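For reference, the structure discussed in these notes is given below.
Quick note on labels: first sequence line is chain A, next is B, and so on, each numbered from 1. What you see is a predicted model, and the numbers here were worked out from it, not measured in a lab.
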Amino acid sequence: MSKEKNNFSVTPRSQDFNEWYNDVVIKADLADDSPVRGAMVVKPYGWALWENVQKVLDAEFKATNHEALAFPMFIPMSFLAKEAQHVEGFAPELAVVTHAGGHLLEEPLVVRPTSETIIGHMWSKWVRSYRDLPLLHYQWGSVVRWELRPRKFLRTTEFYWHEGHTAHASSEEAVEETLKLLEIYKNFARNYAAMPVISGVKTPSERFAGAVDTYSIEAMMGDGKALQAGTSHYLGQNFAKAFEVNFQAKDQSQQFAHTTSWAISTRIIGGIIMTHGDDKGLVLPPMLAPFQVVIVPIFKSDNQDLMLAEARKLALELRALGVRVKVDERDGVSNGFKYNDWEMRGVPFRLELGPRDLEAGNVVLVSRLSGEKAIVARGEAVAGMTAQLEGFQAELLARATTFRDERIKTADTWDEFTRLLEQGFFVRAFHCGDADSEKQIKELTKASTRCIPLTGEVYGDLEEGVCIHTGKPSAYGKRVIFARAY
RNA sequence: CGGGGUGUAGCGCAGCCUGGUAGCGCACUUGACUGGGGGUCAAGUGGUCGUCAGUUCAAAUCUGGCCACCCCGACCA
């Protein structure tokens, strides 16, 4: 805890990024610690933000013909063991129910860490013919992974997400699905969260347990560290074979299905905080902010009713244009307190409406980014708000993109490579593809391979060279992105 | 699991060395004043001092065990 910290401010970002992050989560009122270690309570403001994430993504899934459903949170222990890689990957972090109803259970139940297994089991009952495919399923819910070091939103014991699971008749179709979701995630990150992500494929050692290929969107946080903000997996026939998801093809042969799974979790909220926040607290992208505009009515006891009524009227005018507005009607809290409070919570715009403004037909408009006050004609402020919000959203993305691009460097020598990583950069370098080498690099530099950017995407240019670590010819036909990560 | 640290009011801390029945700031409650950048004054509420045992006439304070939490590392959406 820093000494300068008082009840109002957060630890400066430049002084201690982790402390800053924790302060913002608490003071912006997003979440609180629960009595269970590593399991946080998402408070109303944080949940409202998550609900907006849900609304956008849910609409995307439905627009691409996916169907929502719900699987149970308990999975028979033996299911996990059916896919060898999967159980190896998840065994250390499982929460297991051994007793229920006052008795020792015949077979322990794991609290789902992810649902491939139980979904595979059910699919095997539902799929008989190629005509039953594809199955395009997803569910909103929570999962439990007993992480050793929890951090609010970024890594909690229980976290909320959606998990998509699809089954297809051919590998081509399943790969197409995997990439389609990656694209949806990338666009969501860019267009809603204002996070410029790099989409790519993981190296074999960074794959999801049981996957043939894992794709991810990788974002850069304000301290230069990477955050895997979403993943999409092509699972091949691994789970289909383990759970006997097979069908009779048109040519009458028996085939195993090709499956995929994909997810974005509440971690994305941590990403939004660490991408846009500053020393005054949170900065929220308008597309996801619970409140895009807060109105602070300026009043004294003798004109309180009038000013509150006027503020509500102003709010209605904005709501009619589809703007999410909050009127801060609190009494007994000074105006200055309200300004700082809403700045901490990252509301993009504030409108102050006082007696002077009312008389002159004006409002005071303040942007969370510039902090400057502008006196604007009331009608103009209302009519122009949609454009203001669009401008704010665009500025956040532009700012984050500039920051990212300045902090991605190319290295061709080991010295340069380690020096850049030490300074907190993303580093593009060639790698030979050897898993042991990757592991050693991680031990030496604390950096891991984040992804091999897709061809046609940013940083995905085709190039050949020699491995930064072993000097052997590079694998993958392009540079790999290395970074320290959350 | 390894290293470091902390447990005293809702939060942040002092008191412990040198035992004598608990205090400060913020928050909270009430009232008055105030009101365009984190208000002022006054009066209040709130704690079996993490836990168990020991020493003592007497333990927040001394001794020992245990527990919990936080930070750093390994693991990870």
Checklist entry - Does any nucleotide pair with B:U55 by Watson-Crick or G-U wobble geometry, both distances under 3.5 Å, and what is it? => result none

Checklist outcome for this item: Note: contacts of residues 360-373 of chain A with RNA chain B (heavy atom, under 4.0 Å) are A:V364, A:K373

Checklist entry - With sugar-phosphate meaning primed atoms plus P, OP1 and OP2, does A:L227 contact a base, only sugar-phosphate, or nothing at under 4.0 Å between heavy atoms? => result nothing

Item to check | Near-parallel close stack of A:F159 and B:A77 base (under 5.5 Å, under 30°) | outcome: yes

Checklist entry - Would you find a donor on one side and an acceptor on the other, under 3.5 Å apart, between the side chain of A:T178 and the backbone of A:A174? => result yes

Checklist entry - Does a distance-only test, which skips hydrogens and angles, find a donor-acceptor pair under 3.5 Å between the side chain of A:S301 and the base of B:G35? => result yes

Checklist entry - Taking only residues two or more places apart in sequence or in another chain, which ones pass side chain to side chain contact (heavy atoms under 4.5 Å, CB included) with A:P76? => result A:S78, A:F79, A:E107

Taking distance alone, no hydrogens or angles, what donor-acceptor pairs closer than 3.5 Å link side-chain atoms of residues 214-222 of chain A to residues at least two apart or in another chain?
{"unit_1": "A:T214", "atom_1": "OG1", "unit_2": "A:F208", "atom_2": "N", "d": "2.9"}
{"unit_1": "A:T214", "atom_1": "OG1", "unit_2": "A:H233", "atom_2": "ND1", "d": "2.9"}
{"unit_1": "A:S216", "atom_1": "OG", "unit_2": "A:E218", "atom_2": "OE2", "d": "2.7"}
{"unit_1": "A:E218", "atom_1": "OE1", "unit_2": "A:R450", "atom_2": "NE", "d": "3.1"}
{"unit_1": "A:E218", "atom_1": "OE1", "unit_2": "A:R450", "atom_2": "NH2", "d": "3.3"}
{"unit_1": "A:E218", "atom_1": "OE2", "unit_2": "A:K202", "atom_2": "NZ", "d": "2.8"}

Checklist entry - Taking atom types as modelled, is there a side-chain donor on A:T445 or A:T418 under 3.5 Å from an acceptor on the other? => result no

Checklist entry - So, for A:H86 and A:F239, is the gap between ring centers shorter than 6.0 Å? => result yes

Next on the checklist: Classify A:E343 by what it touches in the nucleic acid, base, sugar-phosphate, or nothing, heavy-atom distance under 4.0 Å.
Outcome noted: base

Checklist entry - What is the pairing partner of B:G47, taking Watson-Crick or G-U wobble pairs with both distances under 3.5 Å in any strand? => result none

Checklist entry - Does A:N18 put a side-chain nitrogen or oxygen below 4.0 Å from OP1 or OP2 of B:C72? => result yes

Next on the checklist: Side chains of A:Q139 and A:H137: any donor to acceptor distance under 3.5 Å?
Outcome noted: no

Checklist entry - Base, sugar-phosphate, or nothing for A:T156, non-hydrogen atoms under 4.0 angstrom? => result base

